[in-house]
There are 2 protein chains.
Amino acid sequence: MLLYLQPDSDVPLYQQIRDQIVAGLATGQLSPGDPLPPIRQLAADFGVHFHTVNKAYDLLRQEGLIRLHRRTGAVVVCEPAPPEFRGQWRERARVLLAEAFVKGIPPEEILAECTALLNSFQPANAHSDLSGGAST
Amino acid sequence: MLLYLQPDSDVPLYQQIRDQIVAGLATGQLSPGDPLPPIRQLAADFGVHFHTVNKAYDLLRQEGLIRLHRRTGAVVVCEPAPPEFRGQWRERARVLLAEAFVKGIPPEEILAECTALLNSFQPANAHSDLSGGAST
DNA sequence: ATGATTGTTACATATCAAATATAACAAACA
DNA sequence: TGTTTGTTATATTTGATATGTAACAATCAT
């Protein structure tokens with residue numbers, strides 16, 4: 001799993017690290033049980049301070065996506081979503097979808113983008129293909 | 001169009017203002033040609049500084065969603081998306097969808113959420129209903 | 001027990017963003 | 001002319017970001 005950072009982005013470095021690990025989880029490049037590199041090693045690979053990586057790992061821990069142990073390191077767990085997750089996620093999705101909508105992108109195309117992205121996720125769910133228009 | 005702010009949110013105030021105006025545009029509560037309140041008045045309504053509202057308006061102007069004039073004030077315009085919009089939007093959507101996916105929400109439900117949100121947008125597009133599963 | 005590896009915590013510091021505050025300026029219209 | 005509007009400048013306070021140094025604590029192999 002290859003990671004790269006954009007130091008001049010408006011997205012904080014620890015957030016970029018967290019986001020790419022989440023994306024790696026979705027695409028199946030990372031699976032529950034897999035170990036993550038030690039924070040100091042990952043920091044050295046990126047050329048950032050280990051505190052920055054530590055903050056990213058701490059975020060992922062708070063989200064229930066990884067578990068941290070001394071000596072053992074970080075491992076992927078992917079705990080189920082807490083009750084408040086859906087509502088908060090929906091609000092963020094509302095703004096993101098609204099942005100595309102008001103910029104004139106047709107709702108069918110927006111949905112097609114989402115479908116394509118979801119289909120690019122975990123091969124474990126490859127049996128449930130979300131083509132939508134293929135069967136009609 | 002009713003706006004409210006959460007001062008203790010991790011989302012900056014100017015971003016909250018911007019997001020709610022974008023959402024208002026999507027739902028049709030705001031339409032091209034509509035005027036927006038003067039920054040000083042909106043700031044007074046919110047109990048924030050006019051610079052905070054000014055930053056939100058400036059963001060919307062950079063995005064091509066409003067146009068600003070002295071004396072006249074701000075009006076909605078909704079310019080079409082620039083070429084780089086799609087790619088940047090897709091990257092943000094990728095992370096957001098990945099978050100829901102790795103938290104165990106089935107892709108069908110994620111798509112259903114997106115569909116419902118898109119259907120809640122502008123009645124001007126009400127003729128193209130994206131139900132997908134209602135007709136079966 | 002020893003020692004190395006790992007995450008964890010505590011300080012400190014520099015830089016930048018967010019939000020407020022005050023003031024002045026400039027275009028536009030009645 | 002004068003008011004309303006956005007615009008710009010400067011300053012300040014607070015918090016977030018990122019780095020740096022140092023030490024601590026659990027864990028596992030030896």
Side-chain angles (χ1 to χ4, degrees), chain A residues 3-22 30 32-77 79 92 95, chain B residues 3-22 30 32-77 79 92 95:
Chain A
L3 303 184
Y4 58 95
L5 297 183
Q6 296 175 318
D8 293 343
S9 167
D10 57 335
V11 180
L13 293 176
Y14 74 90
Q15 185 80 42
Q16 291 185 45
I17 298 173
R18 176 265 180 194
D19 287 351
Q20 292 191 38
I21 290 178
V22 169
L30 284 174
D34 286 356
L36 261 58
I39 50 181
R40 287 176 180 82
Q41 176 189 322
L42 199 54
D45 293 348
F46 284 150
V48 299
H49 200 269
F50 77 88
H51 273 159
T52 305
V53 179
N54 187 51
K55 191 168 184 177
Y57 277 24
D58 192 58
L59 251 184
L60 293 164
R61 182 192 56 77
Q62 288 176 34
E63 298 180 81
L65 294 178
I66 68 175
R67 204 163 287 172
L68 299 172
H69 304 278
R70 301 178 203 247
R71 181 75 185 186
T72 312
V75 292
V76 176
V77 288
E79 288 178 4
R92 289 197 294 147
V95 175
Chain B
L3 304 184
Y4 57 94
L5 298 183
Q6 297 175 318
D8 293 343
S9 168
D10 56 335
V11 180
L13 293 176
Y14 74 90
Q15 185 80 42
Q16 292 184 45
I17 297 173
R18 176 266 181 194
D19 287 351
Q20 292 190 38
I21 290 179
V22 170
L30 283 175
D34 287 354
L36 261 58
I39 50 181
R40 288 175 178 84
Q41 176 189 322
L42 199 55
D45 292 348
F46 284 151
V48 300
H49 200 269
F50 78 88
H51 272 159
T52 306
V53 178
N54 186 52
K55 191 166 184 179
Y57 277 23
D58 193 58
L59 251 184
L60 293 164
R61 181 192 58 77
Q62 288 178 33
E63 298 179 81
L65 295 178
I66 68 175
R67 204 163 286 172
L68 297 171
H69 304 278
R70 300 178 203 245
R71 179 78 182 185
T72 314
V75 291
V76 176
V77 288
E79 288 177 4
R92 289 197 294 146
V95 175

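Numbered from 1 within each chain, the chains take letters A, B, ... in sequence-line order. All heavy atoms count here, side chains included; hydrogens, waters and symmetry mates do not.
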> Does some side-chain heavy atom of B:Leu30 sit less than 4.5 Å from a side-chain heavy atom of B:Leu36?
Replying inline: yes

>> Using a 4.0 Å cut-off on heavy atoms, which residues in residues 38-45 of chain A reach DNA chain D? List them by number, or say none.
In response: A:Arg40

> Can you name the residues that form a side-chain contact (heavy atoms from CB on, under 4.5 Å) with A:Phe50, not counting sequence neighbours?
Replying inline: A:Ile39, A:Arg40, A:Ala43

> Are B:Gln15 and B:Leu59 side-chain neighbours, meaning at least one heavy-atom pair lies under 4.5 Å?
Replying inline: yes

Where do N or O atoms of nucleotides 15-19 of chain C meet protein N or O atoms at under 3.5 Å, pair by pair?
unit_1 : atom_1 : unit_2  : atom_2 : d
C:dA18 : OP1    : B:Tyr14 : OH     : 2.6
C:dA18 : OP2    : B:Tyr14 : OH     : 3.4
C:dA18 : OP2    : B:Lys55 : NZ     : 2.6
C:dA19 : OP1    : B:Leu13 : N      : 2.7
C:dA19 : OP2    : B:Leu13 : N      : 3.2

> Between the base of C:dA28 and the side chain of B:His69, is there a donor-acceptor distance below 3.5 Å?
Replying inline: no

> Quick one: do B:Lys55 and B:Asp58 make a salt bridge, cutoff under 4.0 Å?
Replying inline: no

> In Å, rounded to the nearest 0.5 Å, how long is the span from CD of B:Gln20 to OH of B:Tyr4?
Replying inline: 6.0 Å

> Atom NE2 of B:His51 and atom P of C:dA23: how far apart are they, to the nearest Å?
Replying inline: 13 Å

>> Could you measure the distance from the CD1 atom of A:Ile66 to the CG atom of A:Asp34? Nearest 0.5 Å is fine.
In response: 12.5 Å

> To the nearest Å, how far apart are B:Arg70 CZ and C:dA28 P?
Replying inline: 8 Å

> Taking 5' to 3' order, which nucleotide of DNA chain D is first and which is last to have an atom within less than 4.0 Å of a heavy atom in chain B?
Replying inline: D:dT3 to D:dA9

>> Checking side-chain contact (heavy atoms from CB on, under 4.5 Å) between A:Ile21 and each of A:Leu60, A:Leu65, A:Val76, which is the one that passes?
In response: A:Leu60

> Which pair of heavy atoms, one from B:Leu68 and one from B:Ala74, lies closest together, and at what distance?
Replying inline: CD2-CB, 3.3 Å

> When the distance from CD1 of A:Ile66 to P of C:dT6 is rounded to whole Å, what number comes out?
Replying inline: 15 Å

Between N or O atoms, less than 3.5 Å apart, protein on one side and nucleotides 2-4 of chain C on the other: list the pairs.
unit_1 : atom_1 : unit_2  : atom_2 : d
C:dA4  : N3     : A:Arg71 : NH1    : 2.9

> Does a side-chain heavy-atom distance below 4.5 Å link A:Leu13 with A:Phe46?
Replying inline: no

> Measuring from A:Asn54:CG to A:Arg61:CZ, what's the distance to the nearest 0.5 Å?
Replying inline: 9.5 Å

>> Just the rounded figure in Å: distance from P of C:dT22 to CZ of B:Phe50.
In response: 11 Å

> How close do B:Pro37 and B:Leu42 get, heavy atom to heavy atom, and via which atoms?
Replying inline: CG-CD1, 4.1 Å

>> Are B:Arg18 and A:Val95 packed together at the side-chain level, in the sense that at least one heavy-atom pair is separated by less than 4.5 angstrom?
In response: yes

> ring-ring contact (aromatic ring centres under 6.0 Å, His included) with A:His69: which residues, sequence neighbours excluded?
Replying inline: none

